[in-house]
Amino acid sequence: MFLPLLEDLREAATYSWGGACLAFLYRELCRVAVTETKEISGPLFILQIWAWERFKIISPSIRDPSAPHDAPLGARWSRARQITEVTTHVLPQIRYNLDRMRPEDITWEPYSEELLDELPDMCIQGRPSWKTVVPLICFHIIEWHQPDRVMRQFGLAQPIPAPPMQTDELHDITLRLSESNWAHHHATYIHRWNRREQYIVQGQQMGQPLHHHSEYMEWYRRAGRRWISISGAAIGCVEDAIEDCLIKLQNPSTQNVAEVKRTLRKMMIALEQESRLCQMPPPQSAPQAATFNDELEEDQPINQPGPSRRPARRQSRPPRRRQHQMRQSSPPDDVMPPPVAFHPFCMASAPGPIPLAPAPSHPSPSTVFQPYSETIPPHYTGWMPTPSIPGPSTPWMTYHSHVQSRSTFDFTES
């Protein structure tokens, strides 16, 4: 569906390819957030570069971090990288590192003015649209671009944002709809995109970093998901509890002291659960259970004393044998059926040397497998000689395991 747009390259240069690329990536990120989803598509290298540019705990080190003069900024990550100081391919550790990040571990303004001045003109042509709140369109996909929720990366102070503009109804629109004229179907969103200069976010410059008890951070702790690992959540809860205790002890009172005691109790519970859930103990195998023979021997009582060294007394009459009630046992599942031969040249018999008849050069299907009798099931359970197993004859158990260990078995060998 993209190829017709490339018919006229001059016309294709006027399209917002970056907006369409981000719209496709945003839709895939929304779809993969569902637990049942196991795969993702789209320009994932953009997502990886976005993470490397901002999170120092997972970004490799590059030899020359300067911006290239003839390529986009992300091209600098294609140079030689070193990953000896960061965690890779260990998901629990990466999640824990993300939970324990501090403000100095994040690059809040990855696109500084000095860095943008070094980029070619093709990378900064749409710079006025970087801070506009508009829908991104890619055929049937509509994903809202909301820089008003990440204003700190532009050097602006972050206010408490409004609810997201993306709705679930937009995710229900797929290519399966009968509507094929997407320009008519998304006319409202296209109209807003054409007036994108009117929706550029304005704000005040960031004077100083936000402290822990600022209005925005208080809202973030209430509305955001702060931790993604069990160990990170346990340590974070303890840190919050310690800070809460210090604040309450600044104004000591009977009520505050009681609340501090309850908070300390919660801290101990959190630490105990953290040690139980986060530390993997060594393997601990169970001991072997004792086995007992439930079949009683004849003339042997249940509580029989140990062997005595005294000679047995001479009895005048033979002892009376106890009559044990025989239990009805169910027939075993592995009842051995009557013996049967695979074909006339390898017939079942009792143990002993059996001469082998010469096999025909081209056996017919009727002679390759022929039952010994129509009333006998067609599988082998008796004794048979075979040249592939040493010895004149082999028990059926050994032969059966030998056949199972081979990928194919040519019955004409025997």
Side-chain angles (χ1 to χ4, degrees), residues 1-3 5-6 9 12-13 15-35 37-95 97-98 101 105-112 114-127 129-132 134-147 149-150 152-154 166 171 175 228:
M1 62 184 181
F2 291 96
L3 290 179
L5 302 178
L6 303 177
L9 295 181
Y15 298 151
S16 177
W17 293 98
C21 182
L22 283 181
F24 196 93
L25 179 60
Y26 289 173
R27 175 60 58 88
E28 287 296 307
L29 291 177
C30 293
R31 187 180 62 84
V32 81
V34 182
T35 308
T37 307
K38 303 299 182 182
E39 56 185 10
I40 185 176
S41 61
L44 299 179
F45 67 93
I46 297 180
L47 179 63
Q48 185 175 13
I49 292 176
W50 174 87
W52 282 351
E53 292 281 356
R54 288 161 175 79
F55 304 134
K56 302 177 182 178
I57 60 174
I58 61 175
S59 62
S61 58
I62 53 180
R63 184 175 304 173
D64 185 9
S66 61
H69 298 280
D70 55 350
L73 181 62
R76 63 179 180 173
W77 293 101
S78 61
R79 301 166 185 169
R81 303 187 296 266
Q82 295 181 0
I83 56 177
T84 56
E85 299 181 359
V86 296
T87 305
T88 58
H89 305 291
V90 185
L91 184 58
Q93 185 64 32
I94 292 177
R95 288 176 174 174
N97 293 342
L98 292 175
M101 278 195 309
D105 297 331
I106 302 176
T107 304
W108 295 101
E109 298 181 36
Y111 311 120
S112 60
E114 296 79 8
L115 191 62
L116 295 178
D117 293 340
E118 300 178 5
L119 295 176
D121 295 338
M122 64 176 180
C123 296
I124 57 177
Q125 286 181 356
R127 187 175 181 179
S129 301
W130 292 356
K131 294 185 294 183
T132 181
V134 290
L136 303 176
I137 306 171
C138 178
F139 289 94
H140 65 289
I141 299 176
I142 299 293
E143 293 289 335
W144 278 90
H145 178 252
Q146 292 196 244
R149 306 180 70 88
V150 288
R152 192 170 179 179
Q153 72 171 359
F154 301 105
Q166 189 74 21
H171 286 170
L175 288 174
I228 56 177

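We use all heavy atoms of the structure for the numbers below, so side chains are in, but hydrogens, waters and symmetry mates are not. Since we're looking at a predicted model, the values are computed, not measured.
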Task: Side-chain heavy atoms of Arg54 within contact of Glu109, under 4.5 Å - done: no

TODO: Report the distance from atom CD1 of Ile137 to atom OH of Tyr15, rounding to the nearest 0.5 Å.
DONE: 13.5 Å

- [ ] Name the orientation class of the two ring planes belonging to Phe2 and Phe139 (parallel below 30°, tilted from 30 to 60°, perpendicular beyond 60°).
- [x] perpendicular

- [ ] Hey, could you give me the CD1/CG distance between Ile57 and Asp105, rounded to the nearest 0.5 Å?
- [x] 6.5 Å

TODO: List the steps, then state whether side chain to side chain contact (heavy atoms under 4.5 Å, CB included) holds for Trp17 with Leu5.
DONE: CA-CA 11 Å; Trp17 293 98; Leu5 302 178; 4.1 Å; yes

Open item on the list: One pair to check against side chain to side chain contact (heavy atoms under 4.5 Å, CB included): His69 and Leu119. What are the steps and the verdict?
Closed with: CA-CA 6 Å; His69 298 280; Leu119 295 176; over 6 Å; no

TODO: Please report the closest heavy-atom contact between Glu39 and Thr37, naming both atoms and the distance.
DONE: O-CG2, 3.3 Å

Open item on the list: How close do Cys21 and Ile46 get, counting heavy atoms only, and between which atoms?
Closed with: SG-CD1, 3.5 Å

Open item on the list: When you compare the side chain of Trp144 with that of Leu136, does any pair of heavy atoms fall below 4.5 Å?
Closed with: no

Task: Residue pair Lys56 / Thr107, side-chain heavy-atom distance below 4.5 Å - done: yes

- [ ] Measure across Ser59 and Trp52 and return the closest heavy-atom pair with its distance rounded to 0.1 Å.
- [x] CB-O, 3.3 Å

TODO: Could you check if a side-chain atom of Met122 sits within less than 4.5 angstrom of a side-chain atom of Pro72, using non-hydrogen atoms only?
DONE: yes

Task: For the student: nearest non-hydrogen atoms of Arg31 and Ser41, plus distance - done: NH2-N, 4.3 Å

Task: From Glu114 atom CD to Ser66 atom OG, the distance as rounded to the nearest 0.5 Å - done: 14.0 Å

Open item on the list: Can you confirm whether more than 12 heavy atoms, excluding those of Arg95, are under 6.0 Å from its CZ atom?
Closed with: no

TODO: Say whether, by atom type as modelled, one donor and one acceptor occur between the side chain of Gln166 and the main chain of Ile142 under 3.5 angstrom.
DONE: yes

TODO: May I ask you to test the Ile106-Met101 pair for a side-chain heavy-atom distance under 4.5 Å?
DONE: yes

Open item on the list: Within the 4.5 Å heavy-atom criterion, are Ile40 and Leu29 side-chain neighbours or not?
Closed with: yes

Open item on the list: Parallel, tilted or perpendicular, judged at 30° and 60°: which one describes the rings of Phe55 and Trp50?
Closed with: perpendicular

Open item on the list: Run the side chain to side chain contact (heavy atoms under 4.5 Å, CB included) test on Leu98 and Ile228 for me, step by step, so that the C-alpha distance in whole Å, both residues' side-chain angles and the decisive distance to 0.1 Å come before the verdict.
Closed with: CA-CA 8 Å; Leu98 292 175; Ile228 56 177; 4.0 Å; yes

- [ ] Give the minimum heavy-atom separation between Cys138 and Ala20, together with the two atoms involved.
- [x] CB-O, 3.8 Å

Open item on the list: Rounded at 0.5 Å granularity, tell me how far CD1 in Ile62 sits from CG in Asp64.
Closed with: 7.0 Å

Open item on the list: Does this structure show an ion pair linking Glu53 with Arg76, if we count only N-O contacts that are shorter than 4.0 Å?
Closed with: yes

Open item on the list: Is any side-chain heavy atom of Ile124 closer than 4.5 Å to one of Tyr111?
Closed with: no

Task: Heavy-atom closest pair, residues Thr132 and Ser129 - done: CG2-O, 2.9 Å

TODO: Would you check, one step at a time, whether the test side-chain hydrogen bond (donor to acceptor under 3.5 Å, both in side chains) holds for Asp121 with Gln125?
DONE: CA-CA 6 Å; Asp121 295 338; Gln125 286 181 356; over 6 Å; no

Task: Leu25 vs Leu44 side-chain heavy atoms within contact, under 4.5 Å - done: yes

